[in-house]
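Single-structure report; data block below.
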2 protein chains.
Amino acid sequence: MSGAIRNRMQLHQQNIQSVLAEVFNHQPISRIEISRNLALNKSTVSSLYRDLKEQGYVEELGEGDASNVGGRKPVLLAINRRYGYTMNFDFGYRHLHVMQNNLSGDVLSYKQVNVKGLTLKQILPLINHELESVASQDNTSHGLLGISFAIHGTVDQNAVTYSPFLDMEHIDLADYYTKKFQVPVLLENEANVSAVYERDFNKANEQLQNMVTISIHRGIGAGLIIDQKLHRGTHGEAGEIGRSVLINGNWSDEPGKVEDFCSEDAIITQIQAAKNAENMSREDVVQLFKQGDEATKVALRGFVTSVAQIIYNTANSFDPDVVFLNSPLLEALPELEPQIESVYAKMAPTILIPVKLTHNSHYATLLGGCALVTREALGMEDANLNFEAQTTVL
Amino acid sequence: MSGAIRNRMQLHQQNIQSVLAEVFNHQPISRIEISRNLALNKSTVSSLYRDLKEQGYVEELGEGDASNVGGRKPVLLAINRRYGYTMNFDFGYRHLHVMQNNLSGDVLSYKQVNVKGLTLKQILPLINHELESVASQDNTSHGLLGISFAIHGTVDQNAVTYSPFLDMEHIDLADYYTKKFQVPVLLENEANVSAVYERDFNKANEQLQNMVTISIHRGIGAGLIIDQKLHRGTHGEAGEIGRSVLINGNWSDEPGKVEDFCSEDAIITQIQAAKNAENMSREDVVQLFKQGDEATKVALRGFVTSVAQIIYNTANSFDPDVVFLNSPLLEALPELEPQIESVYAKMAPTILIPVKLTHNSHYATLLGGCALVTREALGMEDANLNFEAQTTVL
DNA sequence: TTGTGAGTTGGTTGTTTGAACAAACTAATT
DNA sequence: AATTAGTTTGTTCAAACAACCAACTCACAA
């Protein structure tokens, strides 16, 4: 009720944003096409577009093809790719991933910075260096528009509330960078941004209302898109399925946790125990598996089954259109994916939710953050925007 | 995008509905108060109200109190309780529950009809009899406005897709009654309507965005309110947590299901096995427990633990503001509820989601259906409406 | 091959419309 | 007299509309 449009001014603002969203989602597009899509009179669209052009958000690309029955050529409109850029970061275990994107979500640059073993205080100067180096080469009209950070932990009210893999040392990233640059700074859980990526960067998912992205990294969590909106939960903890316990009805037993069965860490721990090894990495697991190592095969068979069971439970809880798996381990061993699907199919005899792998999970994470912070920069938090990650650098 | 308001006509329609919603939610209310709440000019509210009065939805109740510093008395407006009524049904195991409500959600009549052992074909005439008997006594201006059925099973596209406790015999209730009465007919899962009840009939929950209602009857399911909207899932199967399996990572083992641990049927089966009994009912369990029967105590201790574990998992998955338990067994043994809370509290050291019992679960189910079908009758499916179940019959 | 005109489409300009608004009013109260 | 509720009357302004211009395709005749 509170967010409802009530008067002409608000209506006008919303219509301007609708036109901008149309340009965003269907660029290059003509005025007349926007007019048809939005059921607004073409003169109204022309007028609204003029406003957007004055603000610099959009630009004319040139003429398109005329209809094949005659008529004037349309003028093609698009997002102004030189308006500004966002900076998007992902705190990985070994690397800090850095991506620069324009207003339209195109990748302007991507870089991995080695941060293995570093504390957050030691990482901050590296982040600042990236921000400065990009700023110095910038030739856009409005420069930096926003910054996003993907967090492998939970986030509430734009602050990290739980971070098992990186000590946040009570540093408030949002506060620090907002003060430094006066732009929106956004922290978001990694599974959540990955889910946003699937919603916003994948044309195939445009019509889907509900999606779950199960992120299997060192821990395990889910990003939830419900009615095309990211569901964060009341405390930003929705989708923390890794903490779930196995219902056993037993008062005294400490119930097992999902994470103990199918996080990447759990699998590695299991193989290390069997092989009396230490400090194994994902790459070691992949190599052992490819060498046909028996203990690894057993562990990964358990992994496959657990993941299938998680998919089944998730499907029962959320009933999404599709389940995505964002897992570097699965990305490295794609042959496991059909096995997961087959185990899952045996469990779910009637309704089968399609299962898909998220490819290039680091890009997904960064682009999801880009999508969220770009919306903030535009003041269009609730708009349906379809981004297209073109790696063409202008 | 498609549901957005774009022109003055749509804006006008929406504002009319906003005024109606204000009357609904804050009746009795004056025009000036609506004007303040909606940030609409008082003359605009007057004009919009005139439209609603012509349609018969609202009426003037009389004068309210003037401000204590002088000034004219406000005229109090309210929903016209003689506009029409909805009929709401709940297929219980032993009884068909029937409720008649006016436009404002007040209970006009409530009745239980014995249907134990009857097939749906045998129940239909009983339903028709109730509809006819109510219609014959009706003195409202528009009569029957809509019909709702609470289904102990899953519903998709207004048709039952799974019904473990009552054979639907391929009867399309929605089709049958829509054709018969030309009013909206709504089928909805019982846990879902129960969740809607908590959202719409409980002033205390007005500000809450996310709620989960765990319904523990013969089976177990959850109704999900996310961002104040009922989340049904893509196939109407969201919240089917009873089917969830216990992650064990074991390829060959048939994994246990949640429903095997903590549905009412599971508890009864367990006690029956221990006592070599048959055909036990919930009342028998309650009686045995109150007599201090050991096997029953053990079973219910397991029930308490399982429910606490389910709450924990649900809280991790959805992160709601509150979890409601709709369970006739718990309603009969309210002393178990603090035990559940205490077990849950031990599992969740940081964020504790409040747990509450839904009282009078049958009323909750019927009123939830009433709330949904009343919205359909008004063409206001997405409005925030707070109903108030006053049992005062006019 | 070229030229012409009918038909079509994209976009602009000037005018109309109508729902919300604002101000001035009446009514009823402290 | 001051204050508040609600009505009446006239104003406002963003969207709709109508008429227009611009620029294209195509068919067909010369």
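For clarity, every value in this text was computed on a predicted model and none was experimentally measured. The analysis underlying the following values was restricted to heavy atoms, covering all of them including side chains, and did not include hydrogens, waters or symmetry mates. Order of the sequence lines sets the chain letters (A, B, ...), proteins ahead of strands, with each chain counted from 1.
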Looking at Arg199(A) and Glu206(A), is there a salt bridge between them, counting it only when a charged N and a carboxylate O are closer than 4.0 Å? no

In this structure, is the centre-to-centre distance between the rings of Tyr363(B) and Tyr197(B) below 6.0 Å? no

So, for Gly105(B) and Cys370(B), which heavy atoms are closest and what is the spacing to 0.1 Å? CA-SG, 4.1 Å

Gln228(B) vs Asn384(B) side-chain heavy atoms within contact, under 4.5 Å: yes

To the nearest angstrom, the CZ-C1' distance between Arg50(A) and dA15(D) comes to 13 Å

Contact nearer the 5' end of DNA chain C, comparing Arg36(A) with Asn7(A): Arg36(A)

d(CZ, Arg8(B); P, dA16(D)) in whole Å: 8 Å

Remember a base hit wins even if backbone is also touched, and classify Val45(B) as base, sugar-phosphate or nothing at under 4.0 Å, heavy atoms. nothing

Output yes when Asp227(B) and Lys229(A) qualify as a salt bridge under the 4.0 Å nitrogen-oxygen rule, no when they do not. yes

Could you state the CD-C1' distance from Gln10(B) to dA16(D), rounded to the nearest angstrom? 13 Å

State whether Arg375(B) and Asp200(B) are salt-bridged, where the test is any N-O pair (Lys NZ or Arg NE/NH1/NH2 against Asp/Glu carboxylate O) under 4.0 Å. yes

Quick one: list whatever passes side chain to side chain donor-acceptor pair (under 3.5 Å) with Tyr177(B), sequence neighbours left out. Asn128(B)

So if I take residues 27-34 of chain A and measure heavy-atom distances to DNA chain C, which residues fall below 4.0 Å? Ser30(A), Arg31(A), Ile32(A)

DNA chain C: 5'-most and 3'-most nucleotides touching chain B, 4.0 angstrom heavy-atom criterion: dT17(C) to dT30(C)

Output all residues satisfying side-chain contact (heavy atoms from CB on, under 4.5 Å) with Thr178(B), sequence neighbours left out; order by chain, then residue number. Val185(B)

Compute whether any side-chain donor of one residue and acceptor of the other, for Thr86(A) and Asn88(A), lie under 3.5 angstrom apart. yes

Atom CD1 of Ile16(A) and atom P of dC13(D): how far apart are they, to the nearest Å? 15 Å

Quick tally for nucleotides 18-23 of chain D: nucleotides whose base has a protein heavy atom under 4.0 Å get B, sugar-phosphate-only ones S, the rest -, giving ----BB

For residues 15-58 of chain B, which residue pairs pass the ring-ring contact (aromatic ring centres under 6.0 Å, His included) check, not counting sequence neighbours? Phe24(B)-Phe387(B), Tyr57(B)-Tyr83(B)

From CG of Leu40(A) across to C1' of dC17(D) the rounded distance in Å is 14 Å

So, is His12(A) near the phosphate of dA15(D), with a side-chain N or O under 4.0 Å from OP1 or OP2? yes

Does this structure show an ion pair linking Arg81(B) with Glu59(B), if we count only N-O contacts that are shorter than 4.0 Å? no

